[in-house]
Amino acid sequence: MSSERIIDVSDNADALADRAADWFVAELKGRPGPIAVALSGGSTPKRLYERLARDPWRSALPFERIHWFWGDERIVPADDARRNTLMAKAALLDHVPVPEQNIHEIAAAPVSPEAAAQDYEQALKAYYGAEVLDPDRPLFDIMLLGIGSDGHTASLFPGKPALAVRDRWVVHSDPGLDPFVPRVTLTFPAIASSRAVAFLAAGADKRETLSKVFAGADLPSAHVEAAGPIHWFLDKAAVPG
């Protein structure tokens, strides 16, 4: 059974970020207790994070109750600019009142990708309070995702073993790219344990890939499921013709 797809089109990437920020706040409004958000890397999500760090969005968010996670991460040194964590901190988390214990980073090198994946899975299970995901109790309230030109999302790449993993929440991932950079990623079951998923994609270079995904091609982004609807925030340039 496929999740409902909601497509939201904006004139440009800045307008897209505004729309996504409004949606983000609306999704969390009135939600009690701890809140879990999984962040994505990329320039389009960065625009969203910058908006969440300022009003009117900032003052509408219960930062003291939001826990921040990541959908994937490059296992490079902690000060490496390629880290999704660094980007999210610079754009958002360093500018808002987030308790340090609410930021759940994936380990950096020299920790091995395998150890980083195991550690992160244990951190997620500790937050969730169980070893097994309950379909009626999603792990994440919001899951933010991007999409690559090859159709990958998080660090789930076409044709790679991580796509088939169903008994783990987090695995190490070989993107098969040159130069090789080891990664850790959430698996499809962990991503699916989300109340709401949002893909953010801007630019004409995404148009062909999105056309394939929306047509049901066998690409990782097309296989994402969620407990609730999947929102696609696009700018006009990315919309398939």
Side-chain angles (χ1 to χ4, degrees), residues 3 20 23-24 27-28 35-49 52 66-76 82-89 91-93 102-108 113 116-125 127-128 133 138-158 160-163 165-166 168-175 177 181-201 206 209 213 219-233:
S3 300
W23 169 84
F24 189 100
E27 279 292 320
L28 300 185
I35 294 166
V37 173
L39 300 174
S40 169
S43 58
T44 305
K46 181 182 179 182
R47 288 189 179 92
L48 165 61
Y49 305 158
L52 297 179
I66 302 176
H67 289 253
W68 304 89
F69 298 88
W70 278 264
D72 71 322
E73 186 58 279
R74 294 170 178 84
I75 308 306
V76 292
R82 292 172 293 181
R83 293 272 293 178
N84 292 334
T85 306
L86 278 187
M87 183 274 279
K89 285 185 172 181
L92 170 61
L93 300 179
N102 288 14
I103 300 175
H104 305 271
E105 298 183 26
I106 297 172
Q118 292 174 357
D119 290 348
Y120 207 58
E121 181 163 313
Q122 288 306 310
L124 287 169
K125 289 179 176 180
Y127 172 81
Y128 188 66
L133 292 167
L139 168 59
F140 298 106
D141 294 280
I142 287 179
M143 170 71 58
L144 299 175
L145 295 171
I147 179 170
S149 59
D150 60 355
H152 83 266
T153 192
S155 282
L156 295 167
F157 291 88
K160 295 298 180 179
L163 299 178
V165 175
R166 294 294 181 270
R168 293 283 305 278
W169 300 13
V170 187
V171 293
H172 69 278
S173 172
D174 172 6
L177 303 175
V181 179
R183 304 184 185 210
V184 161
T185 185
L186 297 180
T187 60
F188 278 128
I191 291 173
S193 187
S194 303
R195 297 184 192 279
V197 168
F199 280 90
L200 287 77
K206 299 296 175 71
T209 305
V213 169
L219 295 172
S221 295
H223 295 300
V224 169
E225 299 288 348
I230 297 178
H231 294 254
W232 289 82
F233 289 97

Engineer: Where do Ala190 and Leu133 come nearest, in terms of heavy atoms and distance?
Structural biologist: CA-CD1, 4.1 Å
Engineer: Do you know which two heavy atoms are closest between Ser221 and Val213, and how far apart they sit?
Structural biologist: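 Here Ser221 and Val213 meet closest at CB-CG2, 4.1 Å.
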Engineer: List in chain and number order the residues that pass side chain to side chain contact (heavy atoms under 4.5 Å, CB included) with Pro220, two or more places apart in sequence or in another chain; answer none if no residue qualifies.
Structural biologist: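 With neighbours one apart ignored, the set is Leu156, Pro158, Leu163, Phe188.
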Engineer: Are the side chain of Lys46 and the backbone of Met87 linked by a donor-acceptor contact shorter than 3.5 Å?
Structural biologist: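 Checking the backbone N and O of Met87 against the side chain of Lys46, no donor-acceptor pair under 3.5 Å is found.
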Engineer: How far apart are the closest heavy atoms of Ala108 and Ile75, and which atoms are they?
Structural biologist: C-CG2, 4.3 Å
Engineer: Under the 3.5 angstrom rule, does the side chain of Thr185 hit a backbone N or O of Ser173 as a donor-acceptor pair?
Structural biologist: no
Engineer: To the nearest 0.5 angstrom, please state how far the CD1 atom of Ile147 sits from the OG atom of Ser40.
Structural biologist: 11.0 Å
Engineer: Can you tell if the side chain of Leu144 reaches within under 4.5 Å of the side chain of Pro45, non-hydrogen atoms only?
Structural biologist: no
Engineer: Could you work out, with side chain to side chain contact (heavy atoms under 4.5 Å, CB included) as the rule, every residue matching Ala107, not counting sequence neighbours?
Structural biologist: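 Scan of Ala107 (side chain to side chain contact (heavy atoms under 4.5 Å, CB included), adjacent residues dropped) gives Val111, Ala116.
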Engineer: If you define the side chain from C-beta out and look only at heavy atoms, does anything of Phe24 sit under 4.5 Å from Val37?
Structural biologist: yes
Engineer: Compare all side-chain heavy atoms of Ile142 with those of Leu28 and state whether any distance is below 4.5 angstrom.
Structural biologist: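 Heavy-atom side-chain distance check passes, below 4.5 Å.
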Engineer: Salt bridge (Lys or Arg N to Asp or Glu O under 4.0 Å) with Arg74: which residues, sequence neighbours excluded?
Structural biologist: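 Applying salt bridge (Lys or Arg N to Asp or Glu O under 4.0 Å) to Arg74 gives none.
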Engineer: Considering residues at least two apart in sequence or located in another chain, which fulfil the ring pair (Phe, Tyr, Trp, His ring centres under 6.0 Å) criterion with Tyr120?
Structural biologist: none
Engineer: Do Leu186 and Met143 come within less than 4.5 Å of each other through their side chains, counting heavy atoms only?
Structural biologist: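 Contact flag for Leu186/Met143 side chains = yes.
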Engineer: Can you tell me how far apart CG (Leu124) and OG (Ser193) are? Round to the nearest 0.5 Å.
Structural biologist: 10.0 Å
Engineer: Taking ring pair (Phe, Tyr, Trp, His ring centres under 6.0 Å) as the test, write out the residues that go with His104, two or more places apart.
Structural biologist: His67, Phe69
Engineer: Nearest 0.5 Å, please: how far is CG in Leu139 from OH in Tyr127?
Structural biologist: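 Interatomic distance, Tyr127 OH to Leu139 CG, rounded to 0.5 Å: 7.5 Å.
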Engineer: For a quick test of reading the model, state the closest non-hydrogen atom pair linking Ile106 to Glu73 and the distance between them.
Structural biologist: CD1-CB, 3.6 Å
Engineer: Less than 4.5 Å apart, side chain to side chain, heavy atoms only: is that true for Val197 and Trp232?
Structural biologist: no
Engineer: With sequence neighbours left out, what residues match Glu105 under side-chain hydrogen bond (donor to acceptor under 3.5 Å, both in side chains)?
Structural biologist: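 Glu105 satisfies side-chain hydrogen bond (donor to acceptor under 3.5 Å, both in side chains) with Lys89 only.
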Engineer: State which residues pass side chain to side chain contact (heavy atoms under 4.5 Å, CB included) with Ala117; sequence neighbours excluded, sorted by chain then number.
Structural biologist: Arg168, Val170, Val184
Engineer: State the CD1-CH2 distance between Ile35 and Trp68, to the nearest 0.5 angstrom.
Structural biologist: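 Spacing of CD1 (Ile35) from CH2 (Trp68) equals 9.0 Å.
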Engineer: For Asp141, enumerate each residue passing the side-chain hydrogen bond (donor to acceptor under 3.5 Å, both in side chains) test, keeping only those at least two apart in sequence or located in another chain.
Structural biologist: Arg31, Arg195
Engineer: Atom CG of Leu93 and atom CG of Asn102: how far apart are they, to the nearest 0.5 Å?
Structural biologist: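 Reported to 0.5 Å precision, the distance equals 10.0 Å.
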Engineer: Under the rule for ring pair (Phe, Tyr, Trp, His ring centres under 6.0 Å), what residues qualify as partners of Trp23, not counting sequence neighbours?
Structural biologist: His231, Phe233
Engineer: Please name the pair of heavy atoms, one in Thr44 and one in Ala201, separated by the smallest distance, quoted to 0.1 Å.
Structural biologist: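 Here Thr44 and Ala201 meet closest at CG2-N, 4.3 Å.
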Engineer: Looking only at atom types and distance, does a side-chain atom of Ser3 sit under 3.5 Å from a main-chain N or O of Ala226, one as donor and one as acceptor?
Structural biologist: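 Pair found, side chain donor or acceptor close to backbone of Ala226.
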Engineer: Going by the rule side-chain hydrogen bond (donor to acceptor under 3.5 Å, both in side chains), which residues pair with Asp150 if we only count those two or more places apart in sequence or in a different chain?
Structural biologist: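 Counting only residues at least two positions away or on another chain, Asp150 forms a side-chain hydrogen bond (donor to acceptor under 3.5 Å, both in side chains) with His152.
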Engineer: For Thr209, what residues pass the side-chain hydrogen bond (donor to acceptor under 3.5 Å, both in side chains) criterion, not counting sequence neighbours?
Structural biologist: none
Engineer: Are the side chains of Arg183 and Phe157 in contact, using a 4.5 Å heavy-atom criterion?
Structural biologist: yes
Engineer: Name all residues meeting the side chain to side chain contact (heavy atoms under 4.5 Å, CB included) criterion together with Ala227; count only those two or more places apart in sequence or in a different chain, and write none if there are none.
Structural biologist: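 With neighbours one apart ignored, the set is Pro138.
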Engineer: Can you tell me how far apart CG (Leu39) and CH2 (Trp70) are? Round to the nearest 0.5 Å.
Structural biologist: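 Going from CG on Leu39 over to CH2 on Trp70, the span is 5.5 Å.
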